[in-house]
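For reference, the structure is listed below as structure tokens.
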Amino acid sequence: MPDAKQAVGARYAALIREIAAHDRAYYVLAAPTIGDRDYDRLFAELAELERAHPELARPDSPTRRVGGELAAGFARVRHLRRMYSLDNSYSEDDVREFMARAREALGGAKVAWVVEPKLDGASMELVYQGGSLALALTRGDGVEGEDVTTNIRTIRSLPLGVPCGGEVIARGEVFIDSADLEAVNEVREAAGDPPFANPRNAAAGSLRLLDPKEAARRPLRIFLYELVAAPDLPETHLGCLARLEALGLPVHGMQRACGTDDDVIAALGAFAAARKALPFDIDGAVVKVDLLAAREKLGSTARFPRWAAAYKFETEKAETRLLDIAVQVGRTGALTPVAVLEPVALAGTVVSRATLHNEDEIRTKDIRVGDTVIVEKAGEIIPRVVGVARASDARRGPPFSMPAACPACGAPPSRGEGEARWRCPNRLACPGQLKASLLHFASRKAMDIEHLGPSLVDQLVDHGLVRDVAGLYRVGEVELEELERMGQKSARNAIEAIQASRTRPLHRLITGLGIPLVGEVAAVQLAARYGSLSRFAAAEPEIERAELSAVFGIGEKIAAAVADALSDDRFLGVIRELLDLGIDPAAEAAAEGPIAGASFCITGTLSAPRHVVQERIRAAGGELHTAVKRGTRYLVAGADVGKAKLEKARALGTAVIDEAALERLLAGGEL
Ligand code: IVH
């Protein structure tokens with residue numbers, strides 16, 4: 001039956017082509033060409049063909065984005081051509097000198113320049129062979145990199161195949177946006193891992209994850225900015241960028257061609273000014289010679305090419321005095337040193353506390369109380385102490401060491417083998433851990449209790465008014481009024497806010513209970529499984545240990561943490577107290593309707609008031625996002641929409657639709 005076999009093979013190839021085209025339309029162009037149901041149907045047909053004819057399976061099949069295997073490590077592979085880094089310039093003069101040097105080396109003729117954004121992530125080389133992604137290599141030492149292909153394949157905006165049979169080698173940057181970093185760090189902190197200090201570390205760390213399933217969960221993005229080899233390689237860099245785009249590879253699309261040095265300087269200024277409005281983070285701009293033959297002539301020094309230079313934007317830094325090194329107690333007992341600073345203005349906020357990482361780093365940098373230190377905003381989010389600007393000679397404190405007693409309860413901290421962190425072991429009675437747990441319970445992603453901030457929590461615990469999260473619901477107005485800085489009005493506000501949280505949906509309460517490893521996503525799954533707090537409390541730990549991961553797809557470590565919590569008398573005691581207080585929230589009913597489960601963000605002016613449109617989306621089972629974020633399915637764009645929003649949607653794979661398309665969806669139709 002060679003004919004039937006051929007037909008199956010042809011159908012298989014056609015499906016891969018078709019799905020890749022739809023993926024590109026969705027993830028790269030933000031202009032979906034197919035409805036979800038039809039897409040799923042194609043995908044299911046492909047998977048079924050692969051099951052029935054395993055011999056057909058191709059490496060660029062979209063079913064194979066996430067490889068199942070845990071990697072034992074990363075093989076070191078030689079780069080075909082040395083992978084250089086860029087020389088950094090920090091001033092206009094540096095850049096002008098660089099251009100003058102290059103011009104001189106090229107015989108003084110006019111040089112065509114290209115200026116493009118500089119992304120702050122990890123550089124990556126991709127090799128496509130026979131049309132399929134064959135290799136993804138980190139830079140490593142420039143000569144040899146690490147093979148991280150399995151993790152790179154999980155980036156949905158990166159095609160696994162290109163329409164070109166010859167060898168294509170492209171280079172680019174893998175990165176994580178600072179907006180997405182917050183979510184990544186939340187998950188890490190819930191797991192007791194130290195947060196990433198900046199998006200670059202987060203990107204590099206994610207590439208080296210041994211479990212590709214874990215890597216697939218990281219919001220990794222990639223832009224390619226150099227085409228190193230391809231059949232009929234264009235003669236200019238601009239031509240190469242156009243070819244990358246034609247191959248369907250993700251490019252930033254923001255290059256500017258510049259004919260004079262002044263044009264280049266103006267372009268640098270334009271990127272610096274546009275920085276905040278761009279849909280991705282940049283830490284500078286790169287100036288490149290456009291003509292590839294000219295690049296060839298210029299060559300490289302030992303470390304840098306002579307045809308490109310990076311212009312780094314200033315990271316805002318400030319100097320201030322280190323008043324104290326406080327030790328913060330986390331809700332699981334982790335002790336973290338925090339710098340207490342003389343308040344100083346930095347990048348739009350006043351900073352009085354900053355991260356100091358860990359004991360070892362403080363000692364290595366010899367940071368001591370009394371010193372004038374340099375603070376910067378890493379990735380423009382969390383301020384951190386970079387180092388000492390001037391050591392104070394007269395009043396310099398002793399070298400830092402972790403205190404021998406937990407600052408909140410006095411118990412001697414311990415440090416597990418191989419762990420970087422000290423912990424307070426006093427889980428049951430440490431007021432520091434209790435305060436951190438209450439703040440977590442009240443936080444926006446959990447029970448969202450307004451007016452319950454650090455100073456009120458401190459007082460509630462210090463006065464013995466609250467001993468666990470359930471105790472919050474017992475506090476009376478009169479007791480509150482007696483606390484410092486608490487008038488009648490603020491007392492009433494706080495009580496009202498606490499009471500209003502009684503009816504929050506179950507997943508928020510589960511998030512708030514602070515089971516190790518259980519963040520928002522796992523909490524939503526758990527809420528769906530149990531349906532109510534009472535059923536959750538009544539679950540049999542040993543059955544859950546097995547079933548949560550096997551049947552409900554919750555990660556094994558998380559399942560074990562849930563089972564442990566369900567066998568912990570103190571944890572169950574708190575839940576029982578909540579139930580006694582009449583707090584037994586149910587899971588939110590799964591929405592039904594024509595757009596059930598789809599998420600929307602609205603922007604621009606619509607023909608009806610925004611809240612009316614929002615209500616209609618909600619009533620049809622849709623979910624609303626206040627801003628476009630990863631996972632936002634549609635951006636409904638009315639009139640006068642800012643370009644930045646559209647770019648952001650494009651970059652995140654959110655489909656941009658107009659009101660007419662929204663109407664079609666609400667009516668149960670497709671785009
Ligand atoms: S070109 C031979 N273009 O910045 C140099 N690099 O600080 C090839 N980077 O190692 C690199 N954006 O990882 C180039 N538009 C861009 C870039 C870029 C970010 C990274 C790259 C490089 C590092 C140097």
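Note that this is a predicted model, so its numbers are computed, not measured. Atoms within a ligand are numbered from 1 in the order they appear, just like the ligands themselves.
Proximity of Lys288 to ligand 1, defined as any heavy-atom pair under 4.0 Å, is confined to the side chain (atoms from C-beta onward). When non-hydrogen atoms are compared, ligand 1 lies under 4.0 Å from the backbone of Pro117 (N, CA, C, O) but not from its side chain. With a 4.0 Å heavy-atom cut-off, ligand 1 is reached by the backbone of Leu86 and by its side chain too. Counting heavy atoms under 4.0 Å from ligand 1, residue Ala310 does not touch it at all.
Looking only at atom types and distance, the side chain of Tyr311 has no donor-acceptor partner in the side chain of Asp94 under 3.5 Å away. Side-chain atoms of Thr149 and Asp147 form a donor-acceptor pair, as typed in the model, at a separation below 3.5 Å. For the 3.5 Å distance criterion, the side chains of Thr154 and Arg65 fail to qualify, holding no donor opposite an acceptor. Side chains of Tyr225 and Glu116: no donor on one and acceptor on the other come within 3.5 Å. With 3.5 Å as the limit, one finds no donor-acceptor pair spanning the side chains of Arg384 and Thr355.
Not a single heavy atom of Ala308 sits closer than 4.0 Å to an atom of ligand 1.
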Next item on the list: Apply side chain to side chain contact (heavy atoms under 4.5 Å, CB included) to the pair Leu247 and Val168, showing each step before the final yes or no.
Entry: CA-CA 10 Å; Leu247 288 169; Val168 175; 4.0 Å; yes
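If you check which protein heavy atom lies closest to atom 13 (O) of ligand 1, you get Glu173 OE1, 2.5 Å. With hydrogens left out, the protein atom closest to atom 2 (C) of ligand 1 is Pro305 CG, 3.4 Å, a heavy atom. Closest to atom 4 (O) of ligand 1, if we only count protein heavy atoms, is Lys118 NZ, 3.0 Å. Among all protein heavy atoms, the one lying closest to atom 19 (C) of ligand 1 is Leu119 O, 3.0 Å.
For atom 17 (C) of ligand 1, the nearest non-hydrogen atom from the set Phe175, Trp307, Phe223, Tyr225 comes from Tyr225.
Relative ring orientation between Trp113 and Phe98 is described as tilted, the plane-to-plane angle lying within the 30° to 60° band.
The distance between the ring centers of Phe313 and Phe271 does not fall below 6.0 angstrom.
In this structure, Ile19 CD1 and Leu160 CG are separated by 11.5 Å, a value rounded to the nearest 0.5 Å.
Residue His252 has no nitrogen or oxygen atom sitting less than 3.5 Å from a nitrogen or oxygen atom of ligand 1, judged on distance alone. Considering both main-chain and side-chain atoms, Ala122 never comes within under 3.5 Å of ligand 1 through any nitrogen or oxygen pair.
Within ligand 1, counting atoms from 1 as listed, the ones closer than 4.0 Å to a heavy atom of Arg139 are 10 (O), 22 (C). Within the listing of ligand 1, atoms 3 (N), 15 (N), 16 (C) sit less than 4.0 angstrom from a heavy atom of Glu116.
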